[in-house]
Amino acid sequence: MSENPSGHALFVILLLVFVSVILLVEGAWLLYRARRGPEAMRLQRRLDQLAHTAASPARRPLLKRGRLSELSFVARILSGVVCVV
């Protein structure tokens with residue numbers, strides 16, 4: 001009853017290749033859905049609408065100030081905007 005070690009190694013390699021291919025296909029599918037799926041397209045349309053409505057020059061400083069006010073203290077330091085309270 002001698003076992004062939006190269007046969008076991010071949011089985012393990014084939015199993016790993018199979019699992020890798022399955023994970024690659026699933027990852028590609030998830031990436032596709034994240035980029036081109038219905039939810040991503042709906043979100044992109046909403047962002048485009050927001051960009052067109054918020055593009056007026058009068059609203060830009062207000063939007064920028066609003067975004068900066070939502071940053072944490074560490075993020076302000078990292079962005080170079082230090083606000084001492």
Side-chain angles (χ1 to χ4, degrees):
M1 294 197 137
S2 66
E3 295 183 22
N4 187 359
S6 63
H8 291 299
L10 180 64
F11 177 73
V12 169
I13 289 172
L14 289 176
L15 182 65
L16 290 175
V17 168
F18 175 75
V19 169
S20 299
V21 169
I22 295 296
L23 289 176
L24 179 70
V25 169
E26 185 176 358
W29 173 250
L30 291 175
L31 182 65
Y32 170 77
R33 285 192 53 202
R35 301 278 182 182
R36 302 284 181 204
E39 284 188 38
M41 293 304 213
R42 183 178 55 87
L43 182 61
Q44 186 62 44
R45 276 195 309 272
R46 289 179 66 191
L47 287 174
D48 288 341
Q49 289 173 354
L50 180 63
H52 291 301
T53 59
S56 66
R59 290 191 55 163
R60 285 185 190 149
L62 295 173
L63 291 172
K64 186 176 181 180
R65 190 177 316 132
R67 281 194 302 251
L68 287 176
S69 67
E70 294 173 2
L71 294 176
S72 68
F73 179 70
V74 174
R76 283 190 196 120
I77 290 174
L78 292 175
S79 68
V81 179
V82 179
C83 179
V84 178
V85 179

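Annotation: the span from Leu31 atom CG to Glu26 atom CD amounts to 12.5 Å, rounded to 0.5 Å. If you take CZ on Arg46 and CE on Met41, they are separated by 16.0 Å, rounding to the nearest 0.5 Å.
Cluster partners of Leu16 are Val12, counting Ile, Leu, Val, Met, Phe, Trp and Tyr whose side-chain heavy atoms approach within less than 4.5 Å, directly or via other members. Hydrophobic cluster of Leu14: the remaining members, joined at side-chain heavy-atom separations below 4.5 Å, are Leu10, listed by chain and number.
Minimum interatomic distance between Ala40 and Ala34 (heavy atoms only, all atoms of both residues): CB-O, 3.1 Å.
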